[in-house]
Protein chains: 2
Amino acid sequence: MAYRRTDTVSARLADNRRAILNAARDLVAQGGFAAAQMTEVARKAGVATGTLYRYFPSKEELCRQVFREVSAREMNVLAGIAAENRPALDRLHDVLTTFASRAVGGRRLAYALLAEPVDDGLTEERTRFRRVHGDIFAGLLEDAMAEGVIAPLNARVTAACISGAIPTALIGPLAPESHELEEAGAHVVDDIVQFCLAAVLGAGTKYEVEQRISA
Amino acid sequence: MAYRRTDTVSARLADNRRAILNAARDLVAQGGFAAAQMTEVARKAGVATGTLYRYFPSKEELCRQVFREVSAREMNVLAGIAAENRPALDRLHDVLTTFASRAVGGRRLAYALLAEPVDDGLTEERTRFRRVHGDIFAGLLEDAMAEGVIAPLNARVTAACISGAIPTALIGPLAPESHELEEAGAHVVDDIVQFCLAAVLGAGTKYEVEQRISA
DNA sequence: CCCTTGATTGAACAGAGGTTCATGCTTTGG
DNA sequence: CCAAAGCATGAACCTCTGTTCAATCAAGGG
């Protein structure tokens with residue numbers, strides 16, 4: 001035998017892997033996945049482009065890994081709150097507030113995770129991410145119904161509405177300007193959360209149209 | 001002089017232009033803007049690829065034109081309802097129902113207009129499109145406040161929430177399966193609209209958390 | 001100190017898709 | 001029917017990025 005992977009080497013390999021992932025993550029946090037080009041990642045990580053392929057089989061896999069790491073953190077935060085031992089509506093309130101606040105705080109990253117145009121592989125990861133959100137919201141709605149504090153409603157549809165309302169109101173063309181969020185972000189977050197909670201609390205009171213088309 | 005553009009020719013040119021736009025539109029309606037490749041558009045329109053560039057300076061412009069034509073129809077429908085002479089909440093109800101119903105009916109097209117990853121030029125058009133939605137919703141909310149039928153609220157934020165809730169609940173990973181929408185689409189639409197109206201009607205009643213973190 | 005094996009490098013390669021342009025065909029006016 | 005100008009054609013071209021790989025370097029064992 002003539003070679004054995006020593007701890008020194010293993011450590012260096014692990015370091016490289018982390019350096020690559022961190023470089024990619026930083027680029028994504030700044031300019032979205034569009035900015036995470038292999039050449040750039042390599043440069044920022046301080047390795048050659050070819051080296052990237054000794055750690056990840058493809059750009060897609062590298063990006064997926066970055067997506068998973070970043071999104072896992074977010075999901076854990078929300079799941080943690082959702083699992084607390086408190087009234088369902090309190091947990092729902094806090095989950096929504098946390099979700100929205102964190103999106104405001106890390107707007108660029110939130111954009112990358114939730115809204116940026118990405119290719120198929122990442123779309124798949126994003127689907128998982130969003131489904132988890134949906135599941136968390138739906139679960140809390142079920143809990144609230146079980147507690148009898150809200151009228152019966154379609155938890156899945158309602159959860160989807162909430163999942164759409166929050167990012168749309170904070171990211172993208174319908175969101176307030178960045179500097180407005182800087183100043184009054186907390187207010188906006190509160191408005192959005194109250195919107196969602198009002199919708200949930202108001203369930204069961206069907207609105208009926210009074211006047212049909214007259215003009 | 002030796003040449004003049006006759007009516008016959010003008011008509012043929014116009015026909016070609018329409019054929020190209022229609023071909024592109026059909027491709028988009030089927031497979032989104034990703035399916036609108038120049039080669040495909042040309043083939044479907046029955047012209048050579050080079051010919052496309054005699055009618056449109058670039059793919060981007062062609063796609064923008066398609067986007068404008070398709071989205072204009074949608075915006076006009078909603079604007080028409082919003083402008084009727086009826087109570088604001090009735091108009092809001094009908095605008096939301098129409099928006100959601102049309103999205104369900106033309107899911108693929110709605111996906112292309114609202115959610116599909118597209119490049120910068122189209123993102124710009126989409127921004128316009130979504131802003132119009134926001135403006136319509138916000139206008140109706142203002143009207144409702146003026147009528148005194150809803151409590152004061154932030155119209156822009158609320159409109160953004162609505163703009164996000166509806167597509168998210170109907171298109172994408174959190175939407176019901178396509179066959180479910182086929183069967184129970186009207187129900188889902190109704191659930192979504194009631195969610196939005198409940199949120200609007202419930203404005204002003206602030207939800208307060210009872211129990212802070214205890215675990 | 002040398003041989004072997006693994007790791008690194010970065011320039012060359014490859015695929016995809018939009019765009020161009022030399023060529024040939026049509027139409028127009030005389 | 002001919003010359004001039006437009007128009008259509010589609011294969012070649014360009015660009016942009018992800019990916020590869022022959023050459024080089026570093027590390028381990030005897």
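If you're wondering where the values come from, they're calculated on a predicted model, not measured in any experiment. So you know, we letter chains A, B, ... as the sequences are listed, proteins then strands, and number each from 1.
- Here the C1' atom of nucleotide dA7(C) and the OH atom of Tyr55(A) are 7 Å apart, to the nearest Å.
- For Arg131(B) (side chain) and Pro173(A) (main-chain N/O), a donor-acceptor pair under 3.5 Å exists by modelled atom type.
- Not one side-chain nitrogen or oxygen of Arg12(B) sits closer than 4.0 Å to the OP1 or OP2 atom of dC7(D).
- Atom CZ in Phe33(B) sits about 13 Å away from atom P in dG18(C), given to the nearest Å.
- The shortest distance between the side-chain N/O atoms of Asn16(A) and the OP1/OP2 oxygens of dT8(C) is below 4.0 Å.
- Glu142(B) places no side-chain N or O within donor-acceptor distance of the main-chain N or O of Ala155(B), the cut-off being under 3.5 Å.
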Under 3.5 Å, which N/O atoms of the protein pair with N/O atoms of nucleotides 17-21 of chain D?
{"residue": "dG18(D)", "atom": "OP1", "partner": "Lys59(A)", "partner atom": "NZ", "Å": "2.4"}
{"residue": "dG18(D)", "atom": "OP2", "partner": "Met38(A)", "partner atom": "N", "Å": "3.1"}
{"residue": "dT19(D)", "atom": "OP2", "partner": "Tyr53(A)", "partner atom": "OH", "Å": "2.6"}
{"residue": "dT19(D)", "atom": "OP2", "partner": "Lys59(A)", "partner atom": "N", "Å": "2.7"}
{"residue": "dT19(D)", "atom": "O5'", "partner": "Tyr53(A)", "partner atom": "OH", "Å": "3.2"}

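- Residues Arg25(B) and Asn22(B) bring a donor and an acceptor atom of their side chains to less than 3.5 Å of each other.
- Between the Arg108(B) side chain and the Gly32(B) main chain, no donor and acceptor come within less than 3.5 Å of each other.
- dT9(D) atom P lies 11 Å from atom CZ of Arg54(B), rounded to whole Å.
- If you take CD1 of Ile20(A) and C1' of dA7(C), they are 12 Å apart, rounded to a whole angstrom.
- To the nearest angstrom, P of dG6(C) lies 12 Å from CG of Leu13(A).
- Of all the heavy atoms in Ala88(A) and Leu140(A), the pair that sits closest is CB-O, 3.8 Å.
- Between Asp15(A) atom CG and dT8(C) atom C1' the separation is 16 Å, expressed in whole Å.
- Glu180(B) places a side-chain N or O within 3.5 Å of a backbone atom of Glu177(B) that can act as its donor or acceptor partner.
- Heavy-atom distances under 4.0 Å link DNA chain C to no residue of residues 119-127 of chain A.
- Proximity of a side-chain donor or acceptor of Glu116(B) to a complementary backbone N or O of Phe33(B) within less than 3.5 Å is detected.
- For Arg91(B) (side chain) and Arg86(B) (main-chain N/O), a donor-acceptor pair under 3.5 Å exists by modelled atom type.
- Smallest separation of non-hydrogen atoms from Val95(A) and Ala82(A): CG2-N, 3.9 Å.
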